[in-house]
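Lettering follows sequence order; numbering is per chain, from 1. Quick note: numbers below take in every heavy atom, side chains included, and nothing from hydrogens, waters or symmetry partners.
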Amino acid sequence: MSLEPLTATDFHGPASASAARGIAGAVSNWASGHASDILIKICSILSLLGLWSFAAFMLPPSVIPGPVGVIRILWSEVMAGAIWSDVAISMTRIALSFCAAMSIAIIFGFAMGLSKTAERFFDVWVVCGISLPSLVTILVIFMTVGLNETAAVLAAAIPVTPILTINIWGGIKNVDHKLIDMAKAYHAGRWRIIRQVIAPQIAPVIISSSRFGLGLIWKMVLFVELLGRSNGIGYKIEFYYQMFNMSEVLAHALLFLLIMLFLEIVLLGALEQYLFKWRPAQRRI
Amino acid sequence: MASPAAIEVTEVSKTFPGKGRSPGWKAIAEATLTVDPGEFVCILGPSGCGKSTLLNILSGLDDQYDGHAAIHGHPVGDRQFGSPRVACVFQEPRLMPWRTVRANIEFALAASGFIEAQWRTRTDRVLNLVGLEDFADFYPLQLSGGMQQRASIARAFAIEPEVLLMDEPFSALDELTARRLRQQLLTIWSDFRPSVLFVTHNAFEATFLSDRILMMTKGPGGRFCDEINLNGLARPRTYEDVKVFEASRDVVARLISRIGQIDQDL
């Protein structure tokens with residue numbers, strides 16, 4: 001019996017090898033690949049810093065301070081420690097908003113993906129929700145709920161929810177019915193089909209929506225803090241902006257950016273890659 | 001009563017409902033057929049004649065039809081203990097991409113109620129038969145289309161089916177790969193001897209593989225219009241065999257006289 005040639009030589013090896021890489025290997029996901037890829041990424045980061053330095057050189061330091069100055073201030077803030085309480089406050093708000101937005105989006109996304117009636121009914125809601133400027137939503141919530149924590153969490157969650165709903169709705173609709181038919185033809189029971197055929201198709205959708213949602217929520221939380229709270233990183237950025245202290249503004253933004261990039265790319269990205277390890281290598285995000 | 005036929009379809013009709021006030025599409029009209037245990041039967045007909053609809057009914061995926069369909073005396077869709085094992089090979093491999101080839105086969109074994117202790121030997125055996133023993137731990141997307149279809153054939157034989165339903169399994173493959181897989185299929189079939197109902201629009205394929213060809217008319221309202229017995233063609237058959245070629249020429253001639261014109265697919 002002759003074998004066909006293995007055409008897909010650029011895919012990563014057998015399952016055992018890629019499973020062994022696991023999460024540990026995936027942590028370095030964004031910098032993975034050939035040496036030339038890593039070189040390109042390093043050049044990309046250096047050129048960003050170069051552009052920043054160039055802008056700082058052209059404009060007065062009070063408008064755009066250079067990267068070295070900002071990083072020095074960031075370092076002293078991190079050492080002094082006061083900044084961490086603001087980070088903690090913002091992170092709590094992000095966590096709560098994220099949970100709220102994801103739970104609502106999962107409920108609506110599943111309903112719309114599974115029922116034609118729900119799809120037709122909520123379709124209009126989703127379109128309206130996406131069209132509404134988030135500034136309007138946030139102000140309306142502050143006015144109706146009050147300038148408090150609940151309002152802040154809701155205001156960050158609600159503008160993001162319809163976008164996540166669309167994501168999850170699409171994922172549910174994309175579940176491969178041919179595989180479900182295959183399972184039925186082999187007499188698989190209902191519970192086995194849900195657990196082994198449908199869930200593995202939905203889990204990646206939830207993970208990638210989470211990653212996407214987190215990226216939207218943290219920016220929304222900073223915005224909400226700037227508009228209506230008196231603590232948190234967003235408030236601090238606003239505070240230093242009023243004082244026209246651009247170095248502090250950029251230092252706070254940079255710290256938060258680094259933390260969120262870590263969560264988004266390294267943790268959720270690694271999880272996503274682990275779940276997608278069966279995919280050919282070219283679909284890296 | 002004699003032992004029941006492997007597959008028995010009696011006056012099965014299927015109409016797909018139309019949208020709004022438009023009339024429905026009648027896919028099959030009063031189709032009747034029997035397949036004996038161990039027999040290899042091909043259904044040959046043009047595209048859209050209701051061949052696949054019939055297989056969907058037999059595999060239990062479609063229970064909205066009129067008439068009677070049974071497998072070894074059990075009504076189709078009967079999932080009780082002791083009901084015959086039925087395996088399917090579809091036009092596409094339909095492997096779960098997140099499971100390795102081995103885990104895909106184990107899914108079918110688990111669904112059909114085989115105990116876990118048997119999984120390994122059964123999987124290894126069928127992977128050997130289709131020549132994929134070195135690819136058990138690969139994911140489907142790492143394999144070529146032909147290899148994926150071989151894996152899905154391995155999955156079908158892994159559960160040692162009494163009845164095997166095949167829905168144009170080689171039509172998406174290039175001709176050379178398809179040839180090799182047809183030959184392999186016949187070899188494995190003669191080992192296991194399940195009853196096979198094989199749907200195709202390829203007259204040569206039907207001639208090469210089957211004991212008997214059932215011809216279907218064009219839709220709407222596809223029904224069986226002719227039957228050709230190929231028991232005279234000795235097995236094992238080869239592509240070089242002139243007799244197979246001549247028989248297939250006769251089949252095409254019969255098809256043209258029955259269906260009236262040469263269909264694009266044939």
Side-chain angles (χ1 to χ4, degrees), chain A residues 1-21 116 171 174-205 207 271-284, chain B residues 55-56 58-62 77 79 83 85-104 107-113 128-147 150 152 155-156 159 161 165 176-177 180 183-184 187:
Chain A
M1 230 170 274
S2 62
L3 288 174
E4 288 158 48
L6 179 61
T7 49
T9 45
D10 54 340
F11 295 164
H12 45 258
S16 51
S18 65
R21 294 192 332 180
K116 272 255 176 316
N174 274 339
V175 165
D176 190 345
H177 287 270
K178 290 185 166 179
L179 288 179
I180 299 176
D181 279 352
M182 178 279 296
K184 281 185 187 157
Y186 278 93
H187 290 197
R190 174 179 279 273
W191 179 234
R192 184 185 299 281
I193 292 178
I194 291 175
R195 220 163 20 103
Q196 299 187 346
V197 183
I198 300 176
Q201 297 186 65
I202 290 179
V205 174
I207 299 297
L271 191 58
E272 194 174 350
Q273 209 214 353
Y274 174 75
L275 285 171
F276 279 140
K277 67 179 188 294
W278 48 270
R279 267 194 188 168
Q282 73 264 23
R283 290 255 347 232
R284 294 260 172 76
Chain B
L55 274 205
N56 275 343
L58 284 170
S59 55
L61 296 178
D62 185 348
R79 305 271 149 104
S83 59
R85 278 192 299 276
V86 181
C88 291
V89 178
F90 305 90
Q91 194 169 344
E92 330 79 30
R94 297 205 191 180
L95 301 165
M96 291 179 273
W98 60 90
R99 283 174 168 246
T100 59
V101 169
R102 177 184 298 286
N104 266 287
F107 175 85
L109 288 169
S112 306
N128 262 315
L129 285 172
V130 298
L132 284 180
E133 60 276 10
D134 294 333
F135 297 92
D137 296 320
F138 277 65
Y139 289 102
L141 294 182
Q142 295 172 309
L143 306 179
S144 69
M147 290 165 98
R150 263 149 64 186
S152 98
R155 175 176 64 191
I159 67 166
L165 304 171
L176 283 179
T177 310
R180 199 157 55 217
Q183 195 91 59
Q184 276 185 357
T187 314

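For D62(B), the salt bridge (charged side-chain N to carboxylate O under 4.0 Å, His left out) partners are K14(B), not counting sequence neighbours. Every residue meeting the side-chain contact (heavy atoms from CB on, under 4.5 Å) condition with A87(B), not counting sequence neighbours, appears here in chain and number order: Y186(A), A156(B), I159(B), P161(B), L164(B). Not counting sequence neighbours, Q183(B) has no partner by the side chain to side chain donor-acceptor pair (under 3.5 Å) test.
Among the residues in residues 194-204 of chain A, those with a non-hydrogen atom closer than 4.5 angstrom to a non-hydrogen atom of chain B are Q196(A), V197(A), P200(A), Q201(A).
Once rounded to the nearest 0.5 Å, the distance linking CG of L95(B) with CG of L143(B) reads 8.5 Å. A distance of 7.5 Å separates NE2 of H187(A) from OG of S112(B), quoted to the nearest 0.5 Å.
Counting only heavy atoms from C-beta outward, the side chains of R94(B) and D176(A) never approach each other to under 4.5 Å.
Looking at R102(B), neither its backbone nor its side chain comes within 4.5 Å of chain A, counting heavy atoms on both sides. At a 4.5 Å heavy-atom cutoff, A136(B) makes no contact with chain A through either its backbone or its side chain.
Looking at every heavy atom in both residues, K184(A) comes nearest to L61(B) through CB-CD2, 3.6 Å.
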